[in-house]
Amino acid sequence: MSDPPQIPYRFERSHTVAHVVEEFSGLQAGVTTETRVSVSGRLMLRRDQGRIAFGTLQDASGRVQLFATASATPDFERFTTLSIGDWIGVDGVVMTTRRGELSVRVDSWVTLARTRRQFPDKWHGLTDPDTRYRRRYLDLWVSEEARTVFTRRSAILSGLRRRLDAQGFMEVETPMLHPIPGGAAAKPFVTRHEALDADLYLRVAPELYLKRLVVGGMERVYEIGRVFRNEGLSTRHNPEFTMLELYQAYADHGDIMELTENLVAGVAGEVCGSTTVVYGGREIDFAAPWRRLTMEQAIAECSGLEVSLDSPPTELRDCCERLGIAVDASWGPGKMLLEIYEKAAEPNLWGPVFVTDYPAEVSPLSRNHRSRPGYTERFEGIAAGRELCNAFTELTDPDEQRSRFEAQAALRAGGDDEAMAVDEDYLRALEYGLPPTGGLGIGVDRLTMLLCDTHAIRDALLFPTLRPDPSL
RNA sequence: GCGCCUCUAGCUCAAUUCGGCAGAGCAACGGACUCUUAAUCCGCAGGUUCUGGGUUCGAGUCCCAGGGGGCGUACCA
């Protein structure tokens with residue numbers, strides 16, 4: 001074997017593999033065209049045959065066979081020493097073999113990168129989840145399913161953006177470093193800014209900044225971005241995940257429900273080819289309109305329990321205890337009702353369904369229900385037993401918001417490190433006037449899971465959070 | 001955090017209920033082959049069995065501690 005040739009600085013490609021396959025799909029067996037193409041990618045299989053050799057070239061779009069011969073292929077001997085996983089660029093005519101396999105004849109070729117490490121088994125690929133996540137760059141080459149999920153995730157993101165842009169929403173970017181964590185009940189990550197000599201928190205939600213923008217006259221805004229929550233990892237939780245939040249001035253929860261069901265159904269139809277998708281072997285149809293159930297109705301339907309905020313507190317407490325929920329002394333009826341719902345109803349709601357009318361006690365940022373005291377105009381969209389989105393008619397009154405914050409701060413003082421703090425700056429913004437506004441948050445990773453039929457959030461994230469590898 | 005399971009060659013996996021020489025396929029390496037399709041055939045090489053202790057004449061296997069991972073649970077509006 002001769003020395004490796006100089007690696008070029010660029011390679012001019014005329015076709016992707018898929019483009020070649022598409023353009024020449026009808027070619028009969030044993031035909032050599034006069035069309036020259038240049039393609040590039042990794043050599044994923046090689047079948048040497050003496051004075052001819054076959055290879056399988058894979059690029060981002062697919063696979064095509066390479067056909068090399070001692071007479072037509074320069075450096076044929078060296079070609080047959082390429083390793084599986086080597087990057088090459090190939091130039092040659094499009095042809096079919098006697099058996100009819102579409103191929104590119106290797107009339108010239110160049111090494112673009114060599115792999116110094118051996119690729120996984122060409123048939124079994126990678127099965128160890130840890131290796132798949134830690135070396136995603138390998139997983140992407142050997143696992144078709146992984147490529148499909150991330151291609152689809154990208155389509156979901158652009159589909160969401162396109163639809164919102166078309167409805168007059170403006171995409172914005174708000175700070176990820178917050179002086180006061182807020183916008184969701186979650187434990188934040190703390191970091192430190194040296195020059196400011198201040199602790200800052202990685203955002204748990206962009207909500208309070210986006211609503212400041214509505215105060216500022218941005219009537220329809222959205223942000224798609226990472227949020228960070230310092231909580232446990234599970235099949236459904238990653239410490240950093242992607243949230244879509246949007247706010248629409250002059251809209252209420254009803255408008256947001258319509259927007260949500262149309263947005264999700266539209267993206268599902270576009271990305272999956274149908275609003276009906278199969279998740280875990282069971283169909284789920286995202287076509288609008290989705291069912292609406294109040295929290296009490298959801299509880300009653302799933303468990304037969306007749307409870308509400310008007311139930312005597314002792315009854316709510318008994319109900320919690322029967323369900324195995326450890327009731328904290330600080331819980332009011334709203335928190336108990338929510339816990340009952342989450343334990344007895346939510347996992348059993350296949351949906352998609354909007355569960356509406358959340359207690360004010362557990363909804364510090366949403367506006368009081370126009371006709372049901374103690375409740376808010378908040379809803380969550382549930383699909384496959386899990387929260388897909390959270391939305392409400394926004395609380396606009398600064399005095400009411402202050403008292404909600406203070407209730408949260410009291411919980412915080414009592415040791416609840418997920419409760420919110422009083423955000424004076426946000427209150428000042430409200431004092432300048434927030435018009436009636438509807439808001440929505442969608443978990444993009446959860447949506448991806450639903451539309452890709454994956455059951456672990458790690459499979460919907462390119463690089464899920466893992467413990468640092470102690471062997472490195 | 002807690003419980004259960006798991007970790008063997010680059011990858012995928014073996015290694016007899018009950019402790020007895022650590023193996024195969026693919027990849028790699030050397031060779032044969034002008035139409036293969038996970039090519040085939042011949043040959044060669046490949047190991048801190050996650051780490052550290054312990055029991056034993058003898059440990060991949062049993063015990064203890066630690067590490068990684070998976071699942072469940074808790075937490076996560």
Side-chain angles (χ1 to χ4, degrees), chain A residues 1 29-30 44-56 63-73 76 80-85 95-103 105 115-135 138-139 142 183-187 204-205 229-239 241 295 324-326 331 334-335 337-339 341-343 346 355 358-366 376 378-380 386-387 390 392 408 411 416-420 441 443 455-458 464 466-472:
Chain A
M1 184 169 62
M44 295 303 281
L45 293 171
R46 204 185 62 238
R47 299 175 287 282
D48 293 346
Q49 194 89 33
R51 296 180 61 74
I52 66 172
F54 302 89
T56 298
R63 290 182 164 203
V64 73
Q65 178 165 271
L66 300 176
F67 180 80
T69 70
S71 53
T73 302
F76 177 78
T80 63
T81 68
L82 285 169
S83 294
I84 286 179
M95 54 166 284
T96 48
T97 61
R98 285 175 206 161
R99 292 279 184 85
E101 179 81 17
L102 181 68
S103 308
R105 193 177 69 196
T115 175
R116 296 189 192 187
R117 292 177 180 258
Q118 293 182 35
F119 260 51
D121 187 286
K122 63 190 175 190
W123 187 248
H124 299 98
L126 284 175
T127 60
D128 176 29
D130 192 42
T131 309
R132 292 187 49 223
Y133 302 140
R134 288 189 197 273
R135 304 190 204 171
L138 269 189
D139 186 42
V142 302
K187 191 172 166 184
V204 295
R229 298 188 181 178
N230 206 342
E231 287 153 359
L233 292 80
S234 81
T235 343
R236 295 169 209 81
H237 300 87
N238 198 67
F241 61 99
M295 184 173 282
I325 299 163
W331 292 6
K335 175 67 170 167
L337 186 66
L338 177 68
E339 292 288 331
Y341 159 73
E342 288 187 344
K343 184 84 174 192
E346 189 179 89
V355 175
Y358 277 58
E361 181 189 339
V362 293
S363 311
L365 301 169
S366 54
T376 60
R378 171 181 169 193
F379 68 88
E380 290 196 355
R386 297 210 275 268
E387 175 190 347
N390 181 19
F392 32 88
Q408 286 287 306
L411 290 174
D416 182 350
D417 53 11
E418 285 155 12
M420 296 180 198
H455 297 260
I457 196 169
R458 291 182 184 121
L466 301 171
R467 211 176 284 275
D469 188 342
S471 72
L472 296 178

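Below, read A as the first sequence line, B as the second, and so on, with proteins coming before strands; counting in each chain starts at 1.
- Comment: Lys343(A) does not engage Glu339(A) in a salt bridge, judged by the lack of any side-chain N to carboxylate O separation of less than 4.0 angstrom.
- Set against rC35(B), rG10(B), rU12(B), the side chain of Leu126(A) has rU12(B) as its closest nucleotide.
- Taking the six-membered ring for Trp and the full ring otherwise, the centers of Phe54(A) and Phe67(A) sit less than 6.0 Å from each other.
- With respect to the salt-bridge test (charged N to carboxylate O, under 4.0 angstrom), the residues Arg132(A) and Asp128(A) do not qualify.
- Pairing for rC4(B) goes to rG70(B), judged as Watson-Crick or G-U wobble with the two contacts each under 3.5 Å.
- When the C1' atom is used for both rC63(B) and rC21(B), the distance is 25 Å, rounded to whole Å.
- One interatomic measurement links the two molecules: CZ of Arg132(A) to P of rG70(B), which rounds to 11 Å at whole-angstrom precision.
- In this structure, CZ of Arg116(A) is placed 23 Å from P of rA27(B), rounded to the nearest angstrom.
- Pairing for rG52(B) is with rC64(B), a Watson-Crick or G-U wobble pair whose two hydrogen-bonding atom distances lie under 3.5 Å.
- For the P atoms, the distance linking rC18(B) with rG54(B) amounts to 26 Å, nearest Å.
- OP1 or OP2 of rA39(B) sits under 4.0 Å from a side-chain N or O of Arg47(A).
- Taking the C1' atoms as reference points, rG52(B) lies 23 Å from rC57(B), given to the whole Å.
- Applying the 3.5 Å distance criterion, the base of rG25(B) shares a donor-acceptor pair with the side chain of Asp121(A).
- For the pair Glu380(A)/Glu346(A), a side-chain contact is recorded, criterion being any heavy-atom separation below 4.5 Å from C-beta on.
- Here Lys335(A) contributes atom NZ and Glu361(A) contributes atom CD; the two are 8.5 Å apart, rounded to the nearest 0.5 Å.
- Pairing for rG46(B) is absent, judged as Watson-Crick or G-U wobble with the two contacts each under 3.5 Å.
- Applying the 4.0 Å criterion to OP1 and OP2 of rC71(B), one finds that Arg458(A) has a side-chain N or O inside that range.
- Listed nucleotides rA38(B), rG70(B), rC35(B) differ in distance to Leu45(A); the shortest reach to its side chain belongs to rA38(B).
- For rG68(B), one of the phosphate oxygens OP1 or OP2 lies less than 4.0 angstrom from a side-chain nitrogen or oxygen of Arg467(A).
- Here Gly125(A) lies in heavy-atom contact (under 4.0 Å) with sugar-phosphate atoms only.
- Of all nucleotides listed (rC26(B), rG69(B), rA38(B)), rA38(B) comes nearest to the side chain of Trp123(A).
- Across the strands present, rC13(B) finds its partner in rG23(B); the criterion is a Watson-Crick or G-U wobble pair with both atom distances under 3.5 angstrom.
- Ranked by how close their nearest RNA chain B nucleotide is to the 5' end, Arg46(A) and Glu387(A) are led by Arg46(A).
- Asp130(A) has its CG atom 15 Å from the P atom of rG67(B), to the nearest Å.
- In the set rU34(B), rC26(B), rG69(B), rC26(B) carries the atom at the smallest distance from any side-chain atom of Lys122(A).
- At whole-Å resolution of the value, CD1 in Ile84(A) and C1' in rG10(B) are 12 Å apart.
- For rC13(B), the OP1/OP2 oxygens have a side-chain nitrogen or oxygen of Thr127(A) closer than 4.0 Å.
- Taking every side-chain heavy atom of Gln118(A) into account, rG10(B) is the closest of rU34(B), rG10(B), rU37(B).
- Remark: the separation of the P atoms in rG47(B) and rU6(B) is 27 Å, to the nearest Å.
- Checked against rC71(B), rC11(B), rG10(B), the side chain of Thr235(A) finds its nearest nucleotide in rC71(B).
- For rU61(B) and rU16(B), the C1' atoms lie 12 Å apart once the distance is rounded to whole Å.
- Judged by Watson-Crick or G-U wobble contacts below 3.5 Å, the nucleotide rU34(B) has no partner.
- Nucleotide rA59(B) is matched to nothing when pairs are restricted to Watson-Crick or G-U wobble geometry with both distances under 3.5 angstrom.
- Atom CE in Met44(A) sits about 13 Å away from atom C1' in rC26(B), given to the nearest Å.
- rC11(B) and rU73(B) are spaced 31 Å apart, taking the P atom of each and rounding to whole Å.
- You'll find that the side chain of Phe54(A) is closest to rC35(B), out of rC35(B), rU34(B), rU12(B).
- In this structure, a donor-acceptor pair under 3.5 Å is present between the side chains of Arg378(A) and Asn390(A).
- A straight line from CG of Leu233(A) to C1' of rC75(B) spans 11 Å, rounded to a whole angstrom.
- Salt bridge present: Arg46(A) and Asp48(A) bring a charged side-chain N and a carboxylate O closer than 4.0 Å.
- Taking 3.5 Å as the limit, the base of rA39(B) and the side chain of Gln49(A) contain a donor-acceptor pair of atoms between them.
- Here rU12(B) presents its C1' atom at 5 Å from NE2 of His124(A), a figure rounded to the nearest Å.
- Here the separation of rG53(B) from rA14(B), taken at their C1' atoms, is 28 Å to the nearest Å.
- Residue Glu101(A) has its side chain nearest to rU37(B) when only rA74(B), rU37(B), rC26(B) are considered.
- Side chain to side chain, Thr56(A) and Arg63(A) fail the donor-acceptor criterion of an N or O pair below 3.5 Å.
- A donor and an acceptor atom sit less than 3.5 Å apart, one in the side chain of Thr97(A) and one in the base of rU36(B).
- Spacing between rU34(B) and rA22(B) at atom P, rounded to whole Å, works out to 42 Å.
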